[in-house]
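A, B, ... follow the sequence lines: proteins, then strands. Residue 1 opens every chain.
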Protein chains: 2
Amino acid sequence: MATGRTHRPATRSRGIPEATVARLPLYLRALTALSERSVPTVSSEELAAAAGVNSAKLRKDFSYLGSYGTRGVGYDVEYLVYQISRELGLTQDWPVVIVGIGNLGAALANYGGFASRGFRVAALIDADPAMAGKPVAGMPVQHTDDLERIIEDNGVSIGVIATPAGAAQQVCERLVAAGVTSILNFAPTVLSVPDGVDVRKVDLSIELQILAFHEQRKAGEEAAADGVAPPVAAKPHRKGPDGDVPAVMPA
Amino acid sequence: MATGRTHRPATRSRGIPEATVARLPLYLRALTALSERSVPTVSSEELAAAAGVNSAKLRKDFSYLGSYGTRGVGYDVEYLVYQISRELGLTQDWPVVIVGIGNLGAALANYGGFASRGFRVAALIDADPAMAGKPVAGMPVQHTDDLERIIEDNGVSIGVIATPAGAAQQVCERLVAAGVTSILNFAPTVLSVPDGVDVRKVDLSIELQILAFHEQRKAGEEAAADGVAPPVAAKPHRKGPDGDVPAVMPA
DNA sequence: ACCTGTGAAGTCATTCACAGCC
DNA sequence: GGCTGTGAATGACTTCACAGGT
């Protein structure tokens, strides 16, 4: 059954560190912008600034790909664009399905960034029969019943889940069973998948909570010159009979 | 000035490692689910499984917050929910503005997860005069002209940018000038902000590219027993005359 | 003179493994 | 016997600093 260990055994990625892989798209974007302005070469310092990282990191990152620069000169923009695209697998195109065409799913379907870089929305899928056939982003929504067929017919290996949390795990299992091996999950749930399947998640609520944490620290920074008061101890007040405490609710 | 060094000087966060902070929301969500099912206590093993991490990591994470568990027993669910909420600053509420009410902005405005945990959408702002006054998610869209006033009137310190890439930096600057110190950026651009301002980004296209990278590696895993063939040179295919797309080209 | 590529050092994060308590 | 809390070990990532090429 493979419990939810999304964790791949080791940084199995023929040499390139995961942290580096995560930055390649950033470099690629910056390079593409330079390319559009017909800039022929760029130094690690300039490119790093455009990508929002420091130059030592960038050079180290590129060193994992090979020696694509020229000492005393910098990097050839077009050449690097090509090398990074190839490394990321963007020279082929990737059919993608989006499952769950609510507000978010529809927004994703309309998002231009999809098409631009080798990703192609092959199908939009929703469980609501009333949605079936309706056009979203110029494409008819299809019903979940046909999920397996759609995946196979289109050779889809990347799926985007934009369903409510409750439906996500089940959709995930169907996608995986049908052959999908990479999933981008927008539902606020932990997905468990078998080994060999990659999951990445995008979670608004988590990001906000992280910001709130730092925001709170900033606020506590007045008053404190020596001992930064931790969050404020507040009465432990455990065991609320029926939780007068945050009756919070998951998304 | 302060160039785009988002980088805070050091992990200034009174002890709690950034990686731990990023997982607290995950634990909180799992705990909330348990709380709703009235589960009174939970072991590190169980909770870790629910949150999709391993138990050693979870125990270490909690150890930064204090000793909130009981040996031989586990953690009191309600108590932990309270402690983590407090640590994250979720016991107060955070007014948030969303700037850029296109497909994505509207989807975010409708997203339930916002309201649920101390975050409150204080205003929706868009640059298009035609949008002004239109209700989205039961709330009238306001014009960018009033951005500064809205921030101040509502004491907003967290802003969400969902504008097109081209407008993001400028919107960011106005938000910061008006007093926002935490930004969640959905626009595919690197934002530069002064020290003391936190930026987190959510970028669909980057996530997909990371998935594509791993996907490509998986594909290359047949055939290879000894020397894993690097990316595979694949025919560059493409080359739009004036490509809005990567006009990829080797040197 | 300038800029890349990279060992070496330093910092941060995860995992191990077990003492201590229930 | 079961489970937490945590030093110590290991591993990953970043930064330094400079040798080496143009």
Side-chain angles (χ1 to χ4, degrees), chain A residues 3-24 26-27 31 34 39-77 79-80 83-84 87 210, chain B residues 5-24 26-27 31 34 39-77 79-80 83-84 210 251:
Chain A
T3 61
R5 202 79 302 111
T6 296
H7 197 52
R8 59 188 38 239
T11 310
R12 163 104 226 91
S13 290
R14 227 20 251 144
I16 305 182
E18 193 53 37
T20 294
V21 171
R23 280 187 296 267
L24 292 180
L26 230 52
Y27 301 144
L31 284 163
L34 292 171
V39 176
T41 63
V42 67
S43 70
S44 61
E45 199 66 59
E46 293 163 333
L47 183 53
V53 303
N54 75 45
S55 64
K57 197 186 288 187
L58 177 143
R59 287 199 303 279
K60 179 65 89 178
D61 283 342
F62 286 178
S63 79
Y64 294 115
L65 310 184
S67 289
Y68 295 149
T70 308
R71 288 163 206 248
V73 178
Y75 301 91
D76 180 289
V77 172
Y79 185 56
L80 247 195
Q83 291 298 345
I84 296 181
E87 195 66 54
I210 296 171
Chain B
R5 203 78 301 113
T6 297
H7 199 52
R8 61 189 37 240
T11 308
R12 163 103 230 93
S13 289
R14 226 22 250 144
I16 305 183
E18 193 53 36
T20 294
V21 171
R23 280 186 297 266
L24 293 179
L26 229 52
Y27 301 143
L31 284 164
L34 292 171
V39 175
T41 63
V42 68
S43 71
S44 63
E45 200 66 59
E46 293 163 332
L47 183 53
V53 304
N54 73 47
S55 64
K57 197 185 289 187
L58 177 143
R59 286 200 303 280
K60 181 65 98 178
D61 284 342
F62 286 178
S63 80
Y64 294 116
L65 309 184
S67 287
Y68 295 148
T70 308
R71 289 163 204 248
V73 178
Y75 301 92
D76 180 289
V77 172
Y79 185 56
L80 246 196
Q83 289 299 344
I84 296 180
I210 295 170

Subject >> Nearest-nucleotide comparison on DNA chain D, the residue closer to the 5′ end among Thr20(A) and Gly66(B) >> reply: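 Closest to the 5' end, via its nearest nucleotide, is Gly66(B).
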**OP:** List in chain and number order the residues that pass ring-ring contact (aromatic ring centres under 6.0 Å, His included) with Tyr64(B), two or more places apart in sequence or in another chain; answer none if no residue qualifies.
**Re:**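 Per chain and number, Tyr64(B) pairs via ring-ring contact (aromatic ring centres under 6.0 Å, His included) with no residue.
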Mind calculating the distance between [atom1] ([X]) and [atom2] ([N]) to the nearest angstrom?
X        : N       : atom1 : atom2 : result
Asp61(A) : dT6(C)  : CG    : P     : 13 Å
Lys57(A) : dT15(D) : NZ    : C1'   : 9 Å
Leu65(B) : dT6(D)  : CG    : P     : 11 Å

Of the candidate nucleotides [options], which contains the atom at the shortest distance from the side chain of [X]?
X        : options                  : value
Tyr64(A) : dT14(D), dC3(C), dG5(C)  : dT14(D)
Arg59(A) : dC3(C), dA13(C), dT6(C)  : dT6(C)
Asn54(A) : dG5(C), dT15(D), dA13(C) : dT15(D)

Hey, what are the protein-to-nucleotides 20-22 of chain C N/O distances that come in under 3.5 Å?
residue	atom	partner	partner atom	Å
dG20(C)	N3	Arg71(B)	NH1	3.3
dC22(C)	O4'	Arg71(B)	O	3.2

**OP:** Would you classify Tyr75(B) as touching base, sugar-phosphate or nothing, given that sugar-phosphate means primed atoms plus P, OP1 and OP2, and contacts are heavy atoms under 4.0 Å?
**Re:**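 Since only primed, P, OP1 and OP2 atoms lie under 4.0 Å of Tyr75(B), the category is sugar-phosphate.
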Subject >> Closest approach of Gly69(A) to Tyr75(A) (non-hydrogen atoms, all atoms of both residues) >> reply: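 Reported closest heavy-atom pair: CA-CD2, 3.4 Å.
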Original post:
Do any side-chain nitrogens or oxygens of Ser44(B) fall under 4.0 Å of OP1 or OP2 in dT4(D)?
Top reply: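 Yes, within the criterion.
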Each nucleotide N or O in nucleotides 7-11 of chain D that has a protein N or O under 3.5 Å away: list the pair and distance.
residue	atom	partner	partner atom	Å
dG7(D)	N7	Lys60(B)	NZ	3.4

